[in-house]
Amino acid sequence: MSKIKVRFAPSPTGNLHVGNLRTALVNYLFARRADGHFMLRIDDTDTERSTPEFEASIRADLTWMGMEWDSEDRQSQRLGRYDEALQKLVADGRAYACYETQEELALKRKAQLSAGRPPVYDRAALKLTEAQKAQFAAEGRRPHWRFLLDHSEVSWTDMVRGDVSYHMSSLSDPVLMREDGRVIYTMASVVDDIDHDITHIIRGEDHVTNSAAQIQLFEALGGTAPVMGHVALLAGADGEGLSKRLGSLSIGQLRDEGTEPEALARLLARSGTADPVVANADMFAIIEGFDLSRFGRATAKFDPAELVQVNVKIVQQRGFDDVSTQLEKLSVGGGEAFWLAVRDNVSTVAEAAHWWRVCTTPLAPVIDSAEVAAAAAAHLPDGDLDGVWGAWTKSVSEATGAKGRGLFMPIRLALTGQERGPEIGPLLRFIGRERILARLRGETA
RNA sequence: GUCCCGUUCGUCUAGGGGUCUAGGACACCGCCCUUUCACGGCGGCAACACGAGUUCGAAUCUCGUACGGGAUGCCA
């Protein structure tokens, strides 16, 4: 048994959304789990829509998620191979030239549809005589090429869907090469998978009919089809397809909103399975627990609210070393002590900046109890403010008789202006004596 | 239109004829803990899309209906 090798093959015609990223992640985890090889393949044969910017964005997203690839290739560098493959197919009688224009084909489809028949290509080009083809050539018309499907039943055992079979007669012969000589994904992908020795193809269920046709292509090209796995698609929280709302679930936006990569990975690796989403940032644990056969066949919903919940837990587990660079960028000071003081009260790392501002920039205090505030000001211990919280509040309590919430809430409101937040004690040294006293007097400071 | 696939607590799902008064996780609610919030502990609420059929017995098998997703490109 050769080593397992999978690939993620995005086309740089747009930014990744959670659905795409999930496909990438599933491949990545499958490879890592099996100690296999994870390849990145850039499917850039659609030169009209592919851009270097999208490609850079895709790479950035994968890297951000921690999915290193073991090798990479791009289809635009392998054009010669596709021509060779087409030649072989033509020689073997499995590919044939077609001369219909796109308008003619569209018309044909429409007619079939209104006649209540499936819009399958009628293979009219197969009946063209040599003279007719010569005539087209003389007119300067160039052919596009189709794969001659064997109208049998194709079946395979799918890694997530079990036994699948398709009657190929309900499919159109797929176009392999455009009129202008550019290769179509259907063939390029198969040629690549053969040349790269891909052993398992894992992709979304939107590819099942592709897979059926491609299995015949693999065989026609002298290879055997890899093991297939089609995971159910992800839908938005409302159940609608993800592609319809690219913007709201783009990886870039999630990242900007403070999503931690491990949170996304955790959720994406588990949604569609029965396994609980564990908020643990350990990527190794995610790999260990990954099992493709646990994925269901039903469309899973991706709920951003759940992502937020997982994310909060991941953030609160972050050690200072994990976030120091980010805090620096946010101009949050205070070092490890500050992070430890606030991390249980933030839902994103960026929110630490909020509490840093509360501590270090002027705010309007809320004086809920003038008596407690005055006593607090009077009893604030001299010297280092670290660790004085207990003694300080005790003396304030003795002086005023205030206890519990009645004691702590006025101090919290005076010092932070808010009812909720991190424990006050560890924050004192960051607010500073002067500011504490001023705020207790009700002054904006 | 045609072809695939799907439909179990709010969500992700377990389950493949009797063990299902349907299990788990997350969410939610309550209680406990607590010097805010959170964490943690304990408990609770809550689902087999609908209709026929097969069977002694159906969440599980069959058919139909409804709804949803995908495919049906000289996109990937």
- Query: A14(B) and A22(B): how far apart are their C1' atoms, nearest whole angstrom?
  - Reply: 9 Å

- Message: In whole Å, I'd like the distance from the CG atom of L267(A) to the C1' atom of C12(B).
- Response: 9 Å

- A14(B) pairs with, by Watson-Crick or G-U criteria that keep both distances under 3.5 Å: none

- Contact class for W389(A) vs. all strands (heavy atom < 4.0 Å): base, sugar-phosphate, or nothing? base

- Task: May I ask you to evaluate whether R294(A) reaches the phosphate of U13(B), defined as a side-chain N or O under 4.0 Å from OP1 or OP2?
- Result: no

- Item | Sugar-phosphate only, base, or nothing, as touched by Q418(A) at under 4.0 Å among non-hydrogen atoms | nothing

- Query: Using a cut-off of 4.0 Å on non-hydrogen atoms, how would the nucleic acid contact of L113(A) be classed: base, sugar-phosphate, or nothing?
  - Reply: base

- Task: Compare side-chain N and O positions of R405(A) against OP1 and OP2 of U34(B) and report whether any pair is under 4.0 Å apart.
- Result: no

- Flag as yes if H207(A) stacks onto the base of A71(B) (centroids under 5.5 Å, planes under 30°), otherwise no. no

- Check the distance between A76(B)'s C1' and I184(A)'s CD1 and give it to me in whole angstrom. 10 Å

- Task: Could you work out the separation of G16(B) and A59(B) based on their C1' atoms and round it to a whole Å?
- Result: 10 Å

- Message: Taking only side-chain N and O atoms of R343(A), does any of them lie within less than 4.0 angstrom of OP1 or OP2 on C37(B)?
- Response: no

- Message: Using a 4.0 Å heavy-atom cut-off, does E205(A) contact any base of the nucleic acid, only the sugar-phosphate backbone, or nothing at all?
- Response: sugar-phosphate

- Please measure how far the P atom in C63(B) lies from the corresponding atom in C5(B), and state the result in whole Å. 11 Å

- Nearest-Å distance, CG (D344(A)) to C1' (C37(B))? 10 Å

- Task: Report which part of the nucleic acid V208(A) touches: base, sugar-phosphate, or nothing (heavy-atom distance under 4.0 Å, all strands).
- Result: nothing

- Sugar-phosphate, base or nothing in reach of G421(A), heavy atoms under 4.0 Å: base

- Message: Rounding to an integer number of angstrom, what distance separates U8(B) and C12(B) when you compare their P atoms?
- Response: 8 Å

- Message: For the P atoms, the ones on G51(B) and on A66(B), what distance do you get once it is rounded to whole angstrom?
- Response: 15 Å

- Message: Can you list everything that forms a side-chain contact (heavy atoms from CB on, under 4.5 Å) with R33(A)? Sequence neighbours excluded, please.
- Response: I287(A), E288(A)

- Task: Determine: side-chain N/O of T45(A) to OP1/OP2 of A76(B), distance under 4.0 Å, yes or no.
- Result: yes

- Might you work through the side chain to side chain contact (heavy atoms under 4.5 Å, CB included) test for L21(A) and L62(A), ending with a clear yes or no? CA-CA 8 Å; L21(A) 195 72; L62(A) 293 177; 4.2 Å; yes

- Query: With a non-hydrogen cut-off below 4.0 angstrom, is P422(A) in contact with a base, only sugar-phosphate, or nothing?
  - Reply: base

- Task: Give R49(A) one of three labels, base, sugar-phosphate or nothing, depending on what nucleic acid heavy atoms sit under 4.0 Å from its own.
- Result: base

- Between U35(B) and K403(A), is there an OP1 or OP2 to side-chain N/O distance shorter than 4.0 Å? no

- Contact class for D206(A) vs. all strands (heavy atom < 4.0 Å): base, sugar-phosphate, or nothing? sugar-phosphate

- Query: Mind checking who U2(B) pairs with, Watson-Crick or G-U wobble, both distances under 3.5 Å?
  - Reply: A71(B)

- Inter-nucleotide C1' distance (C37(B), C45(B)), Å rounded: 25 Å

- Using atom P of each nucleotide, how far apart are G30(B) and G53(B) to the nearest Å? 46 Å

- Query: Is a donor-acceptor pair below 3.5 Å formed from side chain N210(A) to base A76(B), judging by atom type as modelled?
  - Reply: yes

- Task: Please find out if less than 6.0 Å separates the ring center of Y96(A) from that of W145(A).
- Result: no

- Task: Determine the contact category for Q112(A): base if any of its heavy atoms lies under 4.0 Å from a base atom, sugar-phosphate if only primed atoms, P, OP1 or OP2 are that close, otherwise nothing.
- Result: nothing

- Message: Check this one for me: any side-chain N or O of R146(A) less than 4.0 Å away from OP1 or OP2 of C74(B)?
- Response: yes

- Query: Is any side-chain nitrogen or oxygen of K108(A) closer than 4.0 Å to OP1 or OP2 of U72(B)?
  - Reply: no

- Under 6.0 Å from the CD atom of E48(A), do we count more than 12 heavy atoms belonging to anything else shown? no

- Message: Parallel, tilted or perpendicular: which one describes the rings of Y166(A) and W156(A), with boundaries at 30° and 60°?
- Response: parallel

- Query: What is the distance from atom CD1 of I436(A) to atom SG of C359(A), rounded to the nearest 0.5 Å?
  - Reply: 9.0 Å

- Query: Going by the angle between their ring planes, with limits at 30° and 60°, are Y185(A) and H207(A) parallel, tilted or perpendicular?
  - Reply: tilted

- Query: With rounding to whole Å, what would you report as the distance between U2(B) and C61(B) at their P atoms?
  - Reply: 25 Å

- Partner of G40(B) by Watson-Crick or G-U wobble geometry, both contacts under 3.5 Å, or none? C32(B)

- For R7(A), all residues meeting salt bridge (charged side-chain N to carboxylate O under 4.0 Å, His left out), sequence neighbours excluded: D193(A)

- Task: Could you tell me whether G70(B) is syn or anti, where syn means a glycosidic angle within 90 degrees of zero?
- Result: anti

